[in-house]
Asks: 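My structure is below; once you've seen it, I'll send some questions.
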Amino acid sequence: MKEILTEIIKPFLSKVITYIDTNNYWAASIIIICIVSLFIGLGYILSWALQRKKVKREIDKISLESKEKTIILLEKLQAKRVKYIEQTILIQLSVKLCIDALISNDVTALKQNRDELIDLYFNELSAKFVEYVEVGEIFYDGDRNKIIPFIIDEVIPFLETTRMFLVAVNNQNILKHLQCNMVSLKRFSLNPVLRFAENNMRLYQVLLKHKYYKKLKMIEFEETK
Amino acid sequence: MPEKKFVRSIIEVASELKGANITDAEKNLIIKAFNAKRGTPYEKAKASIEEVVGKKFPEKSPYLLEKAASLNNLQNLLSQMNNAANEWQNNKSK
C-alpha cells in the first residue's frame with residue numbers, strides 16, 4: 001500500500017520540486033493543495049463507507065431482533081386464536097344439548113343446559129375472544145391494512161354470533177316455560193374489542209361503520225347504572 | 001339423561017375431528033375416558049376426544065378457515081336452537 005501511494009505521489013512531488021526550483025511557488029502551492037484535498041477526500045469517502053457498513057450491520061441486527069419479536073408475538077396470537085377456536089367448537093356441544101332438550105321437551109334439562117351455555121358463552125368464549133383481540137391489537141400495532149380485515153373477519157362475525165346467541169337463549173318460548181329472565185350483555189365486558197374496532201375505523205369507512213354499529217345495536221347491551 | 005346426550009354430542013365432534021365415523025370400540029373408549037377424567041364437562045370432552053382420536057384440536061393449520069367453519073357451525077346451531085324453541089311452543093299447544 002505504502003509503495004503504491006509513493007508511486008502515485010512521486011510524479012507530483014517531482015513536479016512540485018521542479019516548480020520550487022524554478023521559483024514558481026504558485027503552481028507548487030496549487031499542486032500541494034490538490035494533493036492534500038485529494039487525500040482528505042479519499043479519507044472522507046473511506047470513513048463514510050466504513051460508517052455506512054457499520055450502520056447497515058446495526059440495522060440488520062435490529063431488523064433481526066424485530067423479526068424475532070414479531071415471531072414470538074405471532075405465536076402468542078396463534079395460541080390465543082387456537083383457544084378461541086377450541087371454545088367455538090366446544091360451545092357447539094352445549095348448544096346441541098339445548099336443541100336436544102327442546103326436541104325431547106325436557107324442561108329440566110333445557111334449564112340446566114341453557115344455564116351452562118350462558119355461562120360458557122360469557123365466561124369462556126367471550127373472554128377468549130377478548131384475549132385474542134388484545135394480542136391482535138399489539139401484534140398489528142396500528143397497521144390498518146391488517147387491522148381492518150381483522151375487524152371484518154373476526155370482530156363482526158363474533159358480534160353476529162353474540163347477537164344470535166342472545167336471540168336463541170332469550171327466545172320468548174324458552175323464557176316463558178322456564179320462567180327465567182332475559183339474559184343481556186354488559187358493554188364493558190366487550191370493551192377491549194369495541195375500543196379496538198372503534199379506534200381503528202376511519203370516518204370514510206362508512207359502510208364498515210354502518211355494519212358494525214348495526215350489529216352493536218342489535219345486541220342491545222344492558223345499560224350500566 | 002343429559003349425560004348420555006352430552007356424550008352423543010361428543011361423539012359427533014369426535015367424528016368431525018377424526019374426519020370419519022367413530023367405531024363402537026372408539027365410542028366406548030371415549031365414554032370411558034370421559035368418565036375417568038376430571039374437570040368441567042368441556043375439558044373432559046376435549047381431553048377424551050383428543051386421547052381416543054389421537055389428534056389435537058386445530059393448532060397449526062389454516063386457522064381462518066377452521067374458525068370460519070366453526071363460527072358458521074355455531075351460528076347454524078344457534079339458529080336451529082331458536083327455530084326449535086319456536087316450534088316447541090307449537091308442539092306444546094297441540
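Lettering follows sequence order; numbering is per chain, from 1.
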Asks: Any side-chain heavy atom of B/Leu77 sitting closer than 4.5 Å to one from A/Ile99?
Replies: yes
Asks: Taking only residues two or more places apart in sequence or in another chain, which ones pass ring pair (Phe, Tyr, Trp, His ring centres under 6.0 Å) with A/Phe158?
Replies: A/Phe129
Asks: Check whether more than 12 heavy atoms from other residues, nucleotides or ligands sit under 6.0 Å from atom NZ of B/Lys18, and answer yes or no.
Replies: yes
Asks: With a 4.5 Å heavy-atom cut-off, do A/Phe165 and B/Asn82 have their side chains touching?
Replies: no
Asks: Please classify the contact between A/Glu160 and chain B as side chain, backbone, both or neither, with a heavy-atom cut-off of under 4.5 Å.
Replies: both
Asks: At their closest point, which heavy atom of A/Met164 faces which heavy atom of B/Ser79, and how far apart are they?
Replies: CE-CB, 3.8 Å
Asks: With rounding to the nearest 0.5 Å, note down the distance linking CG in B/Leu74 to CG in A/Leu125.
Replies: 7.0 Å
Asks: In this structure, are over 12 heavy atoms from other groups packed under 6.0 Å from A/Lys76 atom NZ?
Replies: no
Asks: Does A/Leu64 have more than 12 heavy atoms from other residues, nucleotides or ligands lying within 6.0 Å of its CG?
Replies: yes
Asks: Would you give the length of the straight line joining atom CG of B/Asn83 to atom CG of A/Asn171, rounded to the nearest 0.5 angstrom?
Replies: 9.0 Å
Asks: Can you give me the closest heavy-atom contact between A/Leu102 and B/Ala85, atom names plus distance?
Replies: CD1-N, 3.8 Å
Asks: Counting N and O atoms only, with roles assigned by atom type, does the side chain of A/Asn173 sit under 3.5 Å from a partner on the main chain of B/Trp88, one being a donor and the other an acceptor?
Replies: no
Asks: Should we say atom NZ of A/Lys111 is surrounded by more than 12 heavy atoms from elsewhere, each under 6.0 Å from it?
Replies: no
Asks: Could you list all the side chain to side chain donor-acceptor pair (under 3.5 Å) pairs where at least one residue sits in residues 45-54 of chain A, not counting sequence neighbours?
Replies: none
Asks: In Å, rounded to the nearest 0.5 Å, how long is the span from CD of A/Glu86 to CD of B/Glu50?
Replies: 6.5 Å
Asks: Quick one: OG1 on A/Thr161 to CG on B/Leu78, what's the gap to the nearest 0.5 Å?
Replies: 7.5 Å
Asks: Do B/Met81 and A/Ile174 have side chains that get closer than 4.5 Å, going by heavy atoms?
Replies: yes
